[in-house]
Amino acid sequence: MSGLSSDRRRRPRIETSTETGLAVQVTGATKVFSVARGKQVVALEGIDLGVAPGEFVSLIGPSGCGKSTLLRLIADLDQPTSGTVSVFGKTARQARIDQDYGIAFQQAGLLPWRTVAGNIELPLELHRASTAARRMRVAELLALVGLSDFADRYPDQLSGGMQQRVAIARSLAESPELLLMDEPFGALDEMTRERMQNELVRICAETGAAVVFVTHSIPEAVFLSDRVVVMSPRPGRVREVIPVDLGSAEDRGDDLREATGFFTAVSAVREALHGSPTETGAPARGVDNR
Amino acid sequence: MRTAGSRTASILAPVILGVLVLVLWQLAVVGLHIKPYVLPSPTAIWEQFVRAFDTVWSGTRVTGTNALIGLLLGAVLGILAAIVSALLRVFDELTLPIVTAMSVVPIVALAPVLYAMFGAGAETGRQLIAALAVFIPVYVNTLRGLRQVRPVHRDLMRAYAATSWQATRTVTLPGALPFLFTGLRIASSLAVISALIAEYFGGPVDGLGKSITSAASYSNYALAYAFVLGSIVLGLVFYCVTLALEKLATRHRPSLS
């Protein structure tokens with residue numbers, strides 16, 4: 001159970017170094033769901049994606065483009081119909097068993113019968129960390145997400161934003177090198193959302209974890225990411241990968257939201273999303289342009 | 001949210017009604033010269049209750065112990081069976097017809113058979129009858145609760161590579177608790193009723209049920225009613241305790257209904 005140190009981002013990764021050295025590598029992944037009456041839906045087709053250690057990658061696209069499905073494949077919550085997914089050079093399944101990633105969903109998914117501290121320590125408890133180690137780590141994480149005064153509260157006594165912070169703290173409990181986040185701020189109001197984004201940038205800088213972040217908000221994707229993966233629906237494909245270079249975490253504050261570079265990147269992602277009409281037939285729906 | 005005034009009213013109203021009924025009952029018995037074997041007056045019943053309190057209390061203890069043992073035994077078995085059913089679909093499919101059949105059997109009807117099985121001097125038969133009556137609502141409700149795991153929690157447990165027992169212990173069981181306690185609250189009344197009615201069919205002569213029948217057969221109707229009063233109190237105690245447990249278990253939950 002290592003502490004949080006800002007130099008972890010640059011630490012050489014001996015244990016994870018493989019031929020590719022990638023945190024996540026998805027190669028030719030296709031996912032077909034069987035629905036009612038023998039019909040099949042192609043959720044993902046021929047997805048190739050690499051995420052470097054410490055890199056923040058957002059998946060953005062209209063509803064039904066398979067971005068959540070792709071995240072679930074990386075998390076080994078679903079398996080690809082064909083193609084491969086590897087996490088730190090292992091199979092996704094092995095990486096899940098080895099607890100190489102932390103995960104957060106749109107719903108905080110806290111256990112209502114456990115206190116905030118009890119929820120955060122859940123993964124540590126499941127993996128048999130000692131009581132003392134658990135207590136220390138929970139205190140660190142509570143400080144990290146600014147909830148030190150709420151350790152003994154129950155989820156029903158917290159606001160939605162606070163619940164989501166608990167969920168993020170929980171996903172960080174085992175100091176994962178990879179964070180998988182499925183629209184974690186999707187249910188929050190705009191102001192809370194921006195504050196949470198600022199916090200996430202800071203947390204990522206402190207922990208040095210690679211992040212795969214599913215969202216349908218363009219500004220959110222641009223603000224947070226090193227690269228934005230734009231996806232298109234039916235079947236879900238990667239349409240374009242847009243590098244966003246907005247500087248290090250220390251430079252990303254509320255000022256950035258007003259900066260020219262930010263708007264340029266937002267426009268680039270928006271153009272990629274909507275594409276040329278002849279290519280898609282119709283403009284992408286369900287994408288949040290705020 | 002109820003205001004303090006309406007809460008007082010909601011407690012006061014049934015109390016007033018109860019008192020009114022008792023007064024009317026008393027007036028009717030006295031005024032219409034109703035014979036005690038038809039209906040004894042409330043004061044006569046209360047008099048008997050106070051006079052024979054030791055007997056009522058010891059009968060309550062015997063029946064209460066039988067009901068409690070039955071409740072605990074039936075609840076433990078019901079919970080275990082529900083867990084196995086939730087984990088193994090095969091077991092669920094095997095037990096479904098049996099449980100359905102059991103739920104329509106009047107379980108007290110088994111009393112004479114069980115007395116023959118365990119001997120007429122033993123309380124075992126009564127406890128088993130209470131346990132059987134308890135088993136069904138606890139099993140059905142717990143199983144329903146175990147099936148209510150939220151998808152996000154299921155995903156989390158998988159992401160944590162939790163073993164199936166770990167997932168059961170940390171998510172499924174606590175999530176099922178409110179359902180379990182609802183089952184237990186329903187079962188608590190059944191436990192008392194079954195333990196008491198089972199006494200009508202034989203066995204040792206020490207419980208409330210037996211005391212009611214023997215007092216009635218000696219034409220001591222006021223005393224019979226005093227024992228009935230004891231049974232009502234016993235049933236209420238079981239109900240209120242399990243209701244309190246249910247409230248405790250659902251403290252931090254969003255309402256289920």
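Predicted model, so just to flag it, every value in this text is computed and none were measured. Just so we're on the same page: letters track the sequence lines, and every chain starts at 1.
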Counting N and O atoms only, with roles assigned by atom type, does the side chain of A:Ser217 sit under 3.5 Å from a partner on the main chain of A:Glu220, one being a donor and the other an acceptor? yes

Do you know which of A:Gln157, A:Arg114, A:Arg170 has the most heavy-atom pairs under 4.5 Å to chain B? A:Arg170

Heavy-atom contact with chain B under 4.5 Å, split by part of A:Gln107: both

One thing to verify: whether A:Asp78 and A:Arg93 come together as a salt bridge, which I'm taking to mean a side-chain N less than 4.0 angstrom from a carboxylate O. no

Pairs touching residues 145-182 of chain A that satisfy ring pair (Phe, Tyr, Trp, His ring centres under 6.0 Å), sequence neighbours left out: A:Tyr154-B:His252

Give, as side chain, backbone, both or neither, the part of A:Leu180 having an atom under 4.5 angstrom from any heavy atom of chain B. neither

Which atoms of A:Arg72 come close to chain B, meaning under 4.5 Å heavy atom to heavy atom: side chain ones, backbone ones, both, or neither? side chain

Among B:Ala161, B:Ala159, B:Gly175, B:Ala167, which residue has the highest count of heavy-atom pairs closer than 4.5 Å to chain A? B:Ala159

Let's test your reading of the structure: which of A:Ile97, A:Ile103, A:Asp76, A:Asp98 forms the most heavy-atom pairs below 4.5 Å with chain B? A:Asp76

Among residues at least two apart in sequence or on other chains, which ones pass side-chain hydrogen bond (donor to acceptor under 3.5 Å, both in side chains) with B:Asn141? none

Any side-chain to backbone donor/acceptor pair from A:Lys39 onto A:Ser34? Under 3.5 Å, distance only. no

Could you look at B:Arg158 and say if it's the side chain, the backbone, both or neither that has a heavy atom under 4.5 Å from chain A? both

